[in-house]
Protein chains: 2
Amino acid sequence: MDIQSLKVACSSCNLRELCLPMGLSAPEMVRLEDVVSNRRRVKRGAALFTIGEPFTALYAVRSGFFKTCVTSIDGRDQVTGFQMMGEIIGMDGIVHDQHACDAVALEDAEVCVLPFDKIEQLSREFSALQHHVHKIMSREIVRDQSVMLLLGTMRAEERLAAFLLNLVQRLHARGFSQSELVLRMTREEIGSYLGMKLETVSRTFSRFMDDDIIEVKQRYVLIKDTQGLEALANPHAAAGNAKAERNISAS
Amino acid sequence: MDIQSLKVACSSCNLRELCLPMGLSAPEMVRLEDVVSNRRRVKRGAALFTIGEPFTALYAVRSGFFKTCVTSIDGRDQVTGFQMMGEIIGMDGIVHDQHACDAVALEDAEVCVLPFDKIEQLSREFSALQHHVHKIMSREIVRDQSVMLLLGTMRAEERLAAFLLNLVQRLHARGFSQSELVLRMTREEIGSYLGMKLETVSRTFSRFMDDDIIEVKQRYVLIKDTQGLEALANPHAAAGNAKAERNISAS
DNA sequence: CGACCACTTGACAGCTCTCAAAGGTGGTGG
DNA sequence: CCACCACCTTTGAGAGCTGTCAAGTGGTCG
């Protein structure tokens, strides 16, 4: 245990199937461990990086929970994502060699530092790593597009339902419960992510409770009726929707 | 001219400073031309690719105008972007080896086909190309985040103003007017992108006209007061906003 | 234990959506 | 070449959802 906490070892990390080393061969992973030599602890409320800060590395979340936020010229800010263990942060910084968003820890956290020049160098040697890096960035693009869909077409109930389902789904993939979770963020942060005010988030939680779909006690959430929640997130999915059916039959 | 229309030549393409070959040396560009050997024409209204289609290549827009749209399980769809010449489409497909959105031509268009396996192969040889590919993907992530900010925090007037400013800015970078443009998309498509209904788009255009900030005649738009439009897009930028000022002083 | 922060709830206002009708524009076919 | 049709756009009226403002409660952390 002591040795592990001093030296990073992707090959023994229980996140390796979710994180950067996914799909690498044993010798490749050894070389990767050489690159991923540093860890960094981030206290709750502290920033891993901030807007404008020079970009040098990507970060793999090892433990803890982060939010990323962008800020407009006139000071409005928006949470663009919540990141949990195994997820990669910082790809926004590549294009201008400086970060385009803030990354803030929502609880005490630890990240693996992935110096980007080293990643690029190793990617030129190992096509598996190269392709995986591309996949990670592509996944982020696809995720962002689904958030656009949420923000552009959904109403408050649908947004919050989709948000909760997404969270438990990701937690479940990490070995946690399928129906229980502890929110690491405030109502205001949820609202910022979902494009609604904290009061609306709170009211919507209350409505879900009244409908007996979830149980909420502060940060703790129990999903009592997953199907009901799914129905709230996609209200027209069951009804014979022409477009949806076309998509299903096409695939 | 005939030769050029048969054979792609990045080195003589007037988009090379915006597109994939940016920053490559002469010999590198020659090798790239070998990869970018195919072009494809797409008629107005036709799809360059659709959701679920196998991913094989990225596409560089050579002429014409595209939209990309995602569709939810229950059939709602959302325009996630508009792409003009010099911009790269298709990065959504990398993660699952199939496209996650539709790309539809809004006018007759032509694209350069960039087979992705070839791009990856060449990226392993040329770090300049590798880094540029990363930048293009990172730029897309940053763009998506700014759309989230728009959808999450702005009101109809602000969204449409920001949209118009973004369009003319990109057109201007391509040598077009700074104050005049022709919309290639319908009010409904604008609305889908901006998360509002077509009627609201139309009404907001009318309000801008009443305020003498723009002139609109169907698809044609003349920006009469750029500063006024910027003020509409960032209403609190001028006022002494604490957060904005903190960002300015910090940078 | 106390202060502060997060959360909940209510009342009301306002923005955007919905539904509806009419006017334009561009394309197609006779 | 003209007429017709389909689609896009504009505008109005009213409804509904979410935001705003406000007050009070409860939980958490120093």
Side-chain angles (χ1 to χ4, degrees), chain A residues 43-46 65 67 76-79 104-108 150-164 182-211 214-221 232 235-236, chain B residues 43-46 65 67 76 78-79 104 106-108 150-164 182-211 214-221 232 235-236:
Chain A
K43 279 239 168 295
R44 179 184 155 191
F65 213 91
K67 67 170 178 181
R76 279 181 283 208
D77 62 342
Q78 162 95 12
V79 173
V104 176
L106 297 179
E107 56 183 355
D108 291 358
L150 180 145
L151 291 172
T153 72
M154 293 186 174
R155 298 182 318 163
E157 267 192 3
E158 301 162 1
R159 294 182 195 194
L160 191 61
F163 170 72
L164 289 174
V182 176
L183 301 169
R184 303 302 180 181
M185 68 295 283
T186 66
R187 301 290 189 264
E188 185 170 14
E189 287 161 337
I190 296 172
S192 173
Y193 180 59
L194 298 179
M196 49 207 254
K197 295 295 164 187
L198 69 94
E199 293 94 330
T200 307
V201 175
S202 180
R203 268 187 255 274
T204 308
F205 269 131
S206 300
R207 208 173 319 144
F208 287 177
M209 283 194 73
D210 292 346
D211 297 348
I214 64 174
E215 207 175 296
V216 188
K217 183 138 195 177
Q218 299 296 126
R219 303 286 175 100
Y220 169 83
V221 177
L232 282 172
H236 303 296
Chain B
K43 281 240 166 295
R44 178 184 155 194
F65 212 92
K67 68 171 177 181
R76 281 182 281 210
Q78 162 94 11
V79 172
V104 176
L106 297 178
E107 55 184 356
D108 291 358
L150 179 144
L151 291 172
T153 71
M154 294 185 174
R155 297 182 320 162
E157 268 192 3
E158 302 162 2
R159 294 182 195 194
L160 191 61
F163 170 71
L164 289 173
V182 176
L183 300 170
R184 303 302 180 179
M185 68 295 284
T186 66
R187 302 288 188 265
E188 184 169 13
E189 286 162 339
I190 296 173
S192 172
Y193 181 57
L194 298 178
M196 49 207 254
K197 293 295 161 186
L198 68 95
E199 294 95 329
T200 308
V201 175
S202 180
R203 270 186 253 274
T204 309
F205 269 131
S206 301
R207 208 175 317 146
F208 287 177
M209 284 195 75
D210 292 347
D211 296 348
I214 64 174
E215 208 176 295
V216 188
K217 182 138 194 178
Q218 299 295 126
R219 303 286 175 100
Y220 168 84
V221 177
L232 282 171
H236 304 296

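A, B, ... follow the sequence lines: proteins, then strands. Residue 1 opens every chain. Since this is a predicted model, take the numbers as computed values, not measurements.
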(request) Would you indicate what B:Thr186 reaches in the nucleic acid, counting non-hydrogen atoms under 4.0 angstrom: base, sugar-phosphate, or nothing? (result) sugar-phosphate

(message) As an exercise, state the distance from CG of A:Leu183 to CZ of A:Phe205, rounded to the nearest 0.5 Å.
(response) 5.0 Å

(request) Whole angstrom is fine here: how far is it from CG in A:Leu183 over to P in D:dT28? (result) 13 Å

(request) Without swapping roles, check the side chain of B:Gln78 against the backbone of B:Ser192 for a donor-acceptor pair under 3.5 Å. (result) yes

(request) Mind calculating the distance between CZ (B:Arg219) and P (D:dC7) to the nearest angstrom? (result) 14 Å

(request) Answer with base, sugar-phosphate or nothing: what part of the nucleic acid does B:Arg159 contact at a heavy-atom distance below 4.0 Å? (result) nothing

(request) Check whether the side chain of B:Arg207 and the base of D:dT11 form a donor-acceptor pair under 3.5 Å. (result) no

(request) Let me know, please, whether A:Arg155 or A:Gln218 comes out on the 5' side of the other along DNA chain D by nearest nucleotide. (result) A:Arg155

(request) Respond yes when some side-chain nitrogen or oxygen of B:Ser206 is under 4.0 Å from OP1 or OP2 of D:dT11, and no when none is. (result) yes

(request) Look at the side chain of B:Arg187 and decide which nucleotide, out of C:dC7, D:dT10, C:dT16, has an atom nearest to it. (result) D:dT10

(request) Answer with base, sugar-phosphate or nothing: what part of the nucleic acid does B:Arg203 contact at a heavy-atom distance below 4.0 Å? (result) base

(message) How many whole angstroms separate atom CD of B:Glu158 from atom C1' of C:dT16?
(response) 14 Å

(message) Can you identify which nucleotide, out of D:dC29, D:dG19, D:dT10, has its nearest atom closest to the A:Arg44 side chain?
(response) D:dC29

(request) Measure the distance from CG on A:Leu160 to P on D:dT18 and round it to the nearest whole Å. (result) 11 Å

(message) By nearest atom, which of the nucleotides C:dT25, C:dC17, D:dT9 is closest to the B:Lys217 side chain?
(response) C:dT25

(message) So, OP1 or OP2 of D:dG19: does either fall under 4.0 Å of a side-chain N or O from A:Thr200?
(response) yes

(request) Could you check whether A:Gly191 gets within reach of a base, just the sugar-phosphate, or nothing at all, counting any heavy atom under 4.0 Å? (result) nothing

(request) Describe the nucleic acid contact of A:Glu199 in one word from base, sugar-phosphate, nothing, applying a heavy-atom distance below 4.0 Å. (result) base

(request) Would you kindly give the CE-to-P distance between A:Met196 and D:dT20, to the nearest whole Å? (result) 13 Å

(message) Rounding to an integer number of Å, can you tell me how far A:Leu194 CG sits from D:dT18 P?
(response) 12 Å

(message) Can you tell me if B:Glu188 has over 12 outside heavy atoms packed within less than 6.0 Å of its CD?
(response) no

(message) Tell me the interatomic distance from A:Ile214, atom CD1, to C:dT8, atom C1', rounded to whole angstroms.
(response) 14 Å

(request) Would you check if the side chain of A:Arg187 reaches a backbone N or O of A:Leu198 as a donor-acceptor pair within less than 3.5 Å? (result) no

(message) Heavy atoms from C-beta onward define the side chain here; which of C:dC7, D:dT18, D:dT20 lies closest to that of A:Lys197?
(response) D:dT20

(message) In whole Å, I'd like the distance from the CD atom of A:Glu157 to the C1' atom of D:dT18.
(response) 12 Å

(request) Could you tell me whether a side-chain N or O of A:Arg159 sits under 3.5 Å from a main-chain N or O of A:Leu151, the two making a donor and an acceptor? (result) yes

(message) Just verifying a value: how many Å separate A:Glu157 CD and A:Thr204 OG1, rounded to the nearest 0.5 Å?
(response) 6.5 Å

